[in-house]
Protein chains: 2
Amino acid sequence: MIITKAGRRMFPAMRVKISGLDPHQQYYIAMDIVPVDNKRYRYVYHSSKWMVAGNADSPVPPRVYIHPDSPASGETWMRQVISFDKLKLTNNELDDQGHIILHSMHKYQPRVHVIRKDCGDDLSPIKPIPSGEGVKAFSFPETVFTTVTAYQNQQITRLKIDRNPFAKGFRDSGRNRMGLEALVESYAFWRPSLRTLTFEDIPGIPKQEYAARSFRGRDIFLANPDSFSPHSLSRNLGSKDG
Amino acid sequence: MIITKAGRRMFPAMRVKISGLDPHQQYYIAMDIVPVDNKRYRYVYHSSKWMVAGNADSPVPPRVYIHPDSPASGETWMRQVISFDKLKLTNNELDDQGHIILHSMHKYQPRVHVIRKDCGDDLSPIKPIPSGEGVKAFSFPETVFTTVTAYQNQQITRLKIDRNPFAKGFRDSGRNRMGLEALVESYAFWRPSLRTLTFEDIPGIPKQEYAARSFRGRDIFLANPDSFSPHSLSRNLGSKDG
DNA sequence: TAGTTAACACCTAGGTGGAAACTT
DNA sequence: AAGTTTCCACCTAGGTGTTAACTA
């Protein structure tokens with residue numbers, strides 16, 4: 001995932017659907033992003049792999065993205081797909097825009113937090129998320145990603161360009177193609193290859209970002225409003241992601 | 001003020017600052033727009049005046065714009081200038097976008113409402129604002145305006161074009177000027193007139209919209225958190241606007 | 001050399017009044 | 001004739017990867 005000094009959105013954005021909330025209870029929904037391991041990585045071009053390149057850099061100030069619809073009732077949250085597309089990542093450790101601060105060339109795992117309102121009174125973008133009764137965390141292994149300041153891999157670049165509306169200007173059909181190549185590719189029978197690029201189409205794609213497709217929408221199930229506790233959380237998580 | 005079927009922002013937008021709230025109490029801030037009188041108007045070009053042209057059209061479904069930061073603590077509200085720039089006006093009585101529905105060619109008065117959270121549980125964009133203890137309404141006479149679907153008056157048009165960033169394309173310095181006029185106006189000594197147009201500069205400006213300048217920021221004072229009642233409201237209002 | 005930064009062209013998304021077509 | 005609607009060029013605001021310059 002690209003990170004910049006000014007802050008960069010994730011693409012694709014994390015999107016989840018939640019069930020099992022108490023419709024009349026108020027909740028905050030928040031997201032943070034935690035290191036997967038204690039390593040720094042480098043991308044080895046000839047083998048198209050990320051390899052360990054030493055230990056992780058020193059920790060950065062923890063940041064929390066509080067979903068802008070927070071707080072809202074369980075009913076409201078459950079009725080919609082919850083999108084984190086406004087969340088931004090930065091490598092600026094002195095960031096004062098409330099963006100999530102990460103190290104480049106490290107592996108990270110996003111987490112979604114569901115926080116009952118009465119447990120979230122001290123919720124803040126610059127404080128760690130509280131834990132305990134009334135607070136649940138969810139994470140999906142397929143959403144692990146590696147941070148970069150510039151793409152290391154042409155397939156990832158291609159995928160982003162083809163999928164992100166804001167990158168339309170770099171698509172093959174755009175002005176980017178030059179002369180002969182443009183003409184050749186304008187023939188339909190020559191085109192089926194990369195225009196519809198998905199992860200399934202590229203065996204052996206390096207895990208700069210793993211299974212971005214799955215980001216498009218995950219379901220979170222809470223057993224039921226009464227058993228809303230860290231324990232039932234892990235059971236639920238296990239059954240959905242194991 | 002322009003109103004359209006799809007919904008049009010007000011320009012300038014209503015902006016207020018509030019003091020006297022209980023910093024730790026939660027409030028909704030909302031806006032509605034009420035008829036000034038029971039009349040329909042027409043613009044008489046030769047006299048540059050709005051004149052009564054019969055009785056008002058039949059009432060439209062009442063709508064409320066709930067400020068998107070709602071609910072928030074008194075502290076949060078008092079720290080910022082509260083802007084209603086996302087609010088939209090429409091003449092579509094069947095509108096389903098939650099916009100405020102008005103009749104064209106009528107006079108209206110925006111009202112700002114401060115609603116203590118425990119009094120606003122049934123707050124809805126399609127229901128009238130509750131009244132009683134814990135709910136206060138504020139309105140400023142200089143924010144009265146007349147609705148139109150097309151400007152009736154070249155001075156208003158000019159004012160909007162000069163002040164609204166989104167209308168920059170119609171400014172004199174843009175491509176709009178034609179030949180000679182452009183050349184003439186490019187001389188600095190010929191320019192001081194309308195480029196810095198304000199209401200003060202135009203004596204006798206017709207009240208299609210009255211004192212837009214004052215929209216830029218009004219202060220609302222609540223006597224103090226303890227006397228938060230409709231009665232103290234009207235006293236405060238009187239002292240600030242009388 | 002490997003990684004980062006800043007400026008940039010090219011997009012999406014949506015807010016302006018103008019002008020002509022349309023309605024009543 | 002008077003008012004409304006639709007389409008449009010022209011903006012603001014901001015999200016993309018590219019590129020070349022920069023940095024350690």
Side-chain angles (χ1 to χ4, degrees), chain A residues 1-13 40-45 51 53-54 57 85-93 97 99 102-106 146-154 156-177, chain B residues 1-13 40-45 51 53-54 57 85-93 97 99 102-106 146-154 156-176 178:
Chain A
M1 212 65 82
I2 296 271
I3 60 179
T4 67
K5 190 172 175 183
R8 199 78 153 189
R9 289 186 177 179
M10 295 176 64
F11 186 87
R40 179 177 232 283
Y41 289 82
R42 68 189 177 92
Y43 189 71
V44 182
Y45 192 78
M51 310 205 53
D57 298 345
D85 57 343
K86 297 278 195 303
L87 178 155
K88 287 189 176 181
L89 310 180
T90 182
N91 59 349
N92 179 10
E93 303 195 19
Q97 306 297 302
H99 300 149
L102 302 177
H103 281 130
S104 187
M105 314 306 274
H106 288 59
T146 307
T147 46
V148 295
T149 58
Y151 291 127
Q152 306 293 303
N153 176 304
Q154 186 54 42
I156 289 290
T157 308
R158 192 61 173 271
L159 192 58
K160 305 270 186 171
I161 289 175
D162 282 346
R163 290 286 192 260
N164 191 328
F166 291 107
K168 198 175 184 178
F170 300 103
R171 299 233 254 261
D172 276 350
S173 46
R175 52 126 200 87
N176 260 40
R177 52 196 348 186
Chain B
M1 210 66 81
I2 296 272
I3 60 179
T4 67
K5 190 174 176 183
R8 200 77 152 191
R9 291 186 176 180
M10 296 175 65
F11 187 86
R40 179 176 232 284
Y41 289 82
R42 68 187 179 93
Y43 188 72
V44 182
Y45 192 79
M51 311 204 52
D57 298 345
D85 57 345
K86 298 278 197 299
L87 179 154
K88 286 189 177 178
L89 310 180
T90 183
N91 58 349
N92 179 11
E93 303 196 18
Q97 306 298 300
H99 300 149
L102 302 177
H103 281 130
S104 188
M105 315 306 273
H106 288 59
T146 306
T147 46
V148 294
T149 58
Y151 291 126
Q152 306 292 306
N153 174 304
Q154 186 54 44
I156 289 290
T157 308
R158 192 59 173 273
L159 192 58
K160 305 272 185 170
I161 289 175
D162 281 347
R163 291 284 193 262
N164 190 327
F166 291 108
K168 198 174 185 178
F170 300 103
R171 300 233 253 263
D172 275 349
S173 47
R175 52 130 198 85
N176 261 41
M178 32 197 74

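Values reported hereafter were calculated over all heavy atoms of this structure, with side chains retained and with hydrogens, waters and symmetry mates removed. Below, chains carry the letters A, B, ... as their sequence lines are ordered, and counting in each starts from 1. Small disclaimer: the values here were computed from a predicted structure and weren't measured.
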Between B:K86 and C:dG15, is there a side-chain N or O to OP1/OP2 distance below 4.0 Å? no
Indicate whether OP1 or OP2 belonging to D:dG3 is found under 4.0 Å from a side-chain N or O atom of B:N91. no
Nearest whole Å is fine: how far is C:dG3 C1' from A:R40 CZ? 8 Å
Nearest whole angstrom, please: distance from the P of D:dT12 to the CG of B:D85. 17 Å
For B:R42, all residues meeting salt bridge (Lys or Arg N to Asp or Glu O under 4.0 Å), sequence neighbours excluded: none
Counting only side-chain N and O atoms of A:R8, is one of them less than 4.0 Å from OP1 or OP2 of D:dG17? yes
Nearest whole Å is fine: how far is C:dT23 C1' from B:K5 NZ? 13 Å
N/O (side chain, B:K168) to phosphate O (OP1/OP2, D:dT12) under 4.0 Å: yes
Regarding A:T157, tell me which of base, sugar-phosphate or nothing describes its non-hydrogen contacts under 4.0 Å with the strands shown. sugar-phosphate
B:I2 CD1 to D:dG3 P, straight-line distance once rounded to whole Å: 13 Å
Counting side-chain heavy atoms from C-beta on, which of C:dG17, C:dT16, D:dG17 comes nearest to B:F166? C:dT16
Base C:dG17 paired with B:R158 side chain (donor-acceptor, <3.5 Å): no
Quick check on DNA chain D: between B:R42 and B:A167, whose nearest nucleotide comes earlier from the 5' end? B:R42
Distance (rounded to the nearest 0.5 Å) between A:F11 CZ and A:N164 CG: 4.0 Å
Using the test side chain to side chain donor-acceptor pair (under 3.5 Å), find all partners of B:D85 that sit at least two apart in sequence or belong to another chain. B:S83
What is the distance from CZ of A:R171 to P of D:dG15, rounded to the nearest Å? 18 Å
Which residue, A:I161 or B:S104, contacts DNA chain D at a nucleotide closer to its 5' end, judged by nearest heavy atom? B:S104
Figure out the CD/C1' separation between B:Q152 and D:dA2, and round it to whole Å. 9 Å
Can you label the angle between the B:Y43 ring and the B:Y45 ring as parallel, tilted or perpendicular, going by 30° and 60°? perpendicular
Rounded to whole Å, the CG-C1' distance (B:N164 to D:dC10) equals 13 Å
Between atom CD1 of A:I3 and atom CG of A:L102, what is the distance when rounded to the nearest 0.5 Å? 6.0 Å
Give the nucleotide from the list D:dT4, C:dG17, D:dG3 with an atom nearest to the side chain of B:Y151. C:dG17
Quickly work out the A:L87 CG to D:dG14 C1' distance and round it to whole Å. 17 Å
